[in-house]
Amino acid sequence: MEFLLEVLAETIGEVFLNCGIEASIDHRLPKWLRILILAATTLVFAAVFGILLIVGIGALSHTPWISLLLFALDGGLVFLCACKVRKVLHTRK
């Protein structure tokens, strides 16, 4: 059951995020819909980054090494997300 939930969540997440990024640069869609899709994708990314930050802060007193690992992971993901957004915005011009 746990494996099924993991595969389902990974598939839905991957499809949602990839389709969200592709739909945000597709000029056949209306502009309001592209903005809505991009906002929803941004909220999903922000939620994941926020959860990693909260868990890292919570683990700081008990396990500092795991906390540092989570902070590094969060920083890396934020950097990669910023690079992807910059690439998407650069290709739209």
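Atom set for the values below is all heavy atoms of this structure, side chains included, hydrogens, waters and symmetry mates excluded. Numbers here simply count residues along the sequence, with the first being 1.
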Trainee: With sequence neighbours excluded, tell me which residues meet side chain to side chain contact (heavy atoms under 4.5 Å, CB included) with Leu69.
Mentor: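 For Leu69, no residue satisfies side chain to side chain contact (heavy atoms under 4.5 Å, CB included) once neighbours in sequence are set aside.
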Trainee: Write down the atom of Ser67, the atom of Gly56, and the distance for their closest heavy-atom approach.
Mentor: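 Looking at all heavy atoms of both residues, the shortest contact is OG-O, 2.6 Å.
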Trainee: Quick check for you: to the nearest 0.5 Å, what is the distance between Leu77 atom CG and Leu73 atom CG?
Mentor: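 Here the interatomic distance stands at 4.5 Å.
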Trainee: Among all residues two or more places apart in sequence or in another chain, which pass the side chain to side chain contact (heavy atoms under 4.5 Å, CB included) test with Pro64?
Mentor: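 Scan of Pro64 (side chain to side chain contact (heavy atoms under 4.5 Å, CB included), adjacent residues dropped) gives none.
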Trainee: Under a 4.5 Å side-chain heavy-atom rule over Ile, Leu, Val, Met, Phe, Trp and Tyr, are Leu60 and Phe49 clustered together?
Mentor: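 No; Phe49 is not reachable from Leu60 via cluster members.
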Trainee: Is it true that Leu80 and Val78 fall in one hydrophobic cluster, defined by side-chain heavy atoms closer than 4.5 Å?
Mentor: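 In one cluster with Leu80: Val78, no.
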Trainee: Out of curiosity, does Ile54 fall in the hydrophobic cluster containing Phe45 (side-chain heavy atoms, cut-off under 4.5 Å, transitive links)?
Mentor: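 Phe45 and Ile54: separate clusters.
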Trainee: Test of understanding: with side chain to side chain contact (heavy atoms under 4.5 Å, CB included), list the residues that count as partners of Leu53, not counting sequence neighbours.
Mentor: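 Expected list: Ile57, Phe71, Asp74.
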Trainee: Who passes side chain to side chain contact (heavy atoms under 4.5 Å, CB included) against Leu68, sequence neighbours left out?
Mentor: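 With neighbours one apart ignored, the set is Trp65.
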